[in-house]
Amino acid sequence: MANTDRMHLVAAALLVLVLLDSCSLLLVHANFGNDTVASWGAQNVVISPDGQNLTLTLNNQTGCRIDSINQFMFGSIEMQIKLVQGNSAGTVTSYYMSSDGTHHDEIDFEFLGNSTGQPYVIHTNVFANGTGNREQQFYPWFDPSSSFHNYTIHWNPSQIVWSIDGTPIRVFRNYENLGVPFPRRQAMKAYSSIWNGEDWATQGGRVKIDWSSAPFVASYTHLGLRACLSSDVQCVSAFPATNLTSDQQTAMANIRSSYMMYDYCKDATRFNGVVPLECSQPQN
Ligand SMILES: *[C@@H]1O[C@H](CO)[C@@H](O)[C@H](O)[C@H]1NC(C)=O
Ligand SMILES: *[C@@H]1O[C@H](CO)[C@@H](O)[C@H](O)[C@H]1NC(C)=O
Ligand SMILES: *[C@@H]1O[C@H](CO)[C@@H](O)[C@H](O)[C@H]1NC(C)=O
Ligand SMILES: *[C@@H]1O[C@H](CO)[C@@H](O)[C@H](O)[C@H]1NC(C)=O
Ligand SMILES: *[C@@H]1O[C@H](CO)[C@@H](O)[C@H](O)[C@H]1NC(C)=O
Ligand SMILES: *[C@@H]1O[C@H](CO)[C@@H](O)[C@H](O)[C@H]1NC(C)=O
Ligand SMILES: *[C@@H]1O[C@H](CO)[C@@H](O)[C@H](O)[C@H]1NC(C)=O
């Protein structure tokens, strides 16, 4: 038996164990071809024949978006992304989870482009029951356009953790006991998109897209949907309440002290002097 066949057998055996153990927990490095669908600008979505790689293009005709076919309740949604190179000013590349409807829930990673040589901004936000306004933004400590980096959203009933290359950069804990809405009632799909955000994205909207630099191409690989199908109410036990380890807390604190460039919790003016309740609670 060839080694690759052996590996396939082992992988199949592991998958069976996982399925027996926790019903429809998806333990997959999902396939863009099988597990996602282009929902906007399909002509600008390119998936490699093996389904492992994806490019999303923004040109002067349109941007584009893909949606996961399944809906999830809790899980770790992981993606490796290489952002638009060179002059990406005015472009927004995103990777997020969202439910539908007016009182929707959403968990965001967005990447705000910039002029050549100027830093991207990594924008994070969370919406619960239709309300967001919880932005935190970071400068990357690496060049996000020269190689792939791992962006992960880990979502369980007690907290949401945004990580880059395994280092947590933000935690949003469940403080429903204090009356702070937390997204845990609505199933979400995973989405990726690229679009024209020149009205606000770059230096507050002052720098527009230079169409002579088009097309703008973001590359994706290694889609990981280790998540519960929304139809499986038992599956949530696979994502129990957790806290960061002390090493993770230290790593996160270091990133935040050096690279965080906007924090809604420090922007009292915006909230008429009173920042949201969770801002005075531990978020790690
Ligand atoms: C997923 O797509 C690949 C080709 O892109 C195909 O070989 C494979 O059989 C598909 N898997 C499933 C479960 O449909
Ligand atoms: C997918 O992307 C990876 C990383 O860039 C690359 O090594 C691999 O050759 C690509 N595969 C296909 C089929 O394009
Ligand atoms: C859009 O881009 C295409 C390809 O680069 C170019 O031929 C065309 O003139 C552009 N159209 C507009 C309206 O700028
Ligand atoms: C969500 O918001 C709507 C409208 O503001 C409200 O009626 C509903 O009670 C809220 N649901 C939860 C779970 O907070
Ligand atoms: C991506 O990061 C997550 C945790 O943040 C980790 O579980 C996963 O193994 C990483 N994936 C890769 C391909 O490195
Ligand atoms: C773009 O670069 C400017 C100048 O370095 C910086 O102020 C800004 O935060 C950067 N990012 C965005 C998305 O505007
Ligand atoms: C996480 O930390 C909070 C507050 O510090 C604590 O109340 C909770 O029990 C911890 N949860 C776990 C799973 O350790």
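The analysis underlying the following values was restricted to heavy atoms, covering all of them including side chains, and did not include hydrogens, waters or symmetry mates. We number each residue from 1, following the sequence as shown. We count ligands from 1, going down the list as the structure has it; atoms in each ligand are counted the same way.
- Interface of Y139 with ligand 6, defined as ligand atoms under 4.0 Å from a residue heavy atom, comprises 6 (C), 7 (O), 8 (C), 9 (O).
- Between Y220 and F32, the two ring planes are perpendicular [angle over 60°; tilted spans 30° to 60°].
- Ring centroid separation for the pair F111 and Y120 does not come in under the 6.0 Å cut-off.
- The ligand atoms of ligand 6 that sit less than 4.0 angstrom from a heavy atom of L112 are 13 (C).
- Between N284 and R173, the side chains place a donor N or O and an acceptor N or O closer than 3.5 Å (distance only, hydrogens not considered).
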Practice task
Assess whether salt bridge (Lys or Arg N to Asp or Glu O under 4.0 Å) is satisfied between R65 and D67, documenting all intermediate values.
Solution key: CA-CA 7 Å; R65 182 178 69 233; D67 310 357; 3.4 Å; yes
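- Only the side chain of N114 comes within 4.0 Å of ligand 6, counting heavy atoms alone; its backbone N, CA, C and O stay farther away.
- Taking any N or O of P119, backbone or side chain, at least one lies under 3.5 Å from an N or O belonging to ligand 6.
- Ring geometry, W195 versus W200: the interplanar angle falls from 30° to 60°, so the pair is classed tilted.
- For the side chain to side chain contact (heavy atoms under 4.5 Å, CB included) criterion with S99, the lone passing option out of K189, E106, Q186 is Q186.
- Residue M261 approaches ligand 6 through these ligand atoms, each under 4.0 Å from one of its heavy atoms: 9 (O).
- Interface atoms of ligand 2 facing D50, defined by a heavy-atom separation under 4.0 Å, are 13 (C).
- The distance between the ring centers of Y259 and Y139 does not fall below 6.0 angstrom.
- Contact annotation: for A201 versus ligand 6, heavy atoms closer than 4.0 Å belong to the backbone alone.
- Under a 4.0 Å criterion applied to the non-hydrogen atoms of N53, ligand 2 contributes the atoms 1 (C), 2 (O), 3 (C), 8 (C), 10 (C), 11 (N), 12 (C), 14 (O).
- S68 contributes a side-chain N or O that, together with a main-chain N or O of A190, makes up a donor-acceptor pair within less than 3.5 Å.
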Practice task
Just do the side chain to side chain donor-acceptor pair (under 3.5 Å) check on N156 and T242 with the steps written out, would you?
Solution key: CA-CA 8 Å; N156 71 32; T242 48; 3.2 Å; yes
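- Remark: distances from the non-hydrogen atoms of G113 to ligand 6 include one below 4.0 Å.
- Every atom of ligand 6 is numbered from 1 in the order shown, and the set under 4.0 Å from a heavy atom of T202 is 14 (O).
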Problem - Step-by-step salt bridge (Lys or Arg N to Asp or Glu O under 4.0 Å) determination, R185 to E176 - result: CA-CA 12 Å; R185 290 182 183 80; E176 283 179 310; 3.1 Å; yes
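- Using cut-offs of 30° and 60° on the angle between ring planes, the pair Y95 and F109 is parallel.
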I'd like the atom pairs linking ligand 3 to the protein - N or O on both sides, separation under 3.5 Å - with distances to 0.1 Å.
residue	atom	partner	partner atom	Å
ligand 3	2 (O)	N60	OD1	3.3
ligand 3	2 (O)	N60	ND2	2.4
ligand 3	11 (N)	N60	ND2	2.8
ligand 3	14 (O)	N60	ND2	3.2

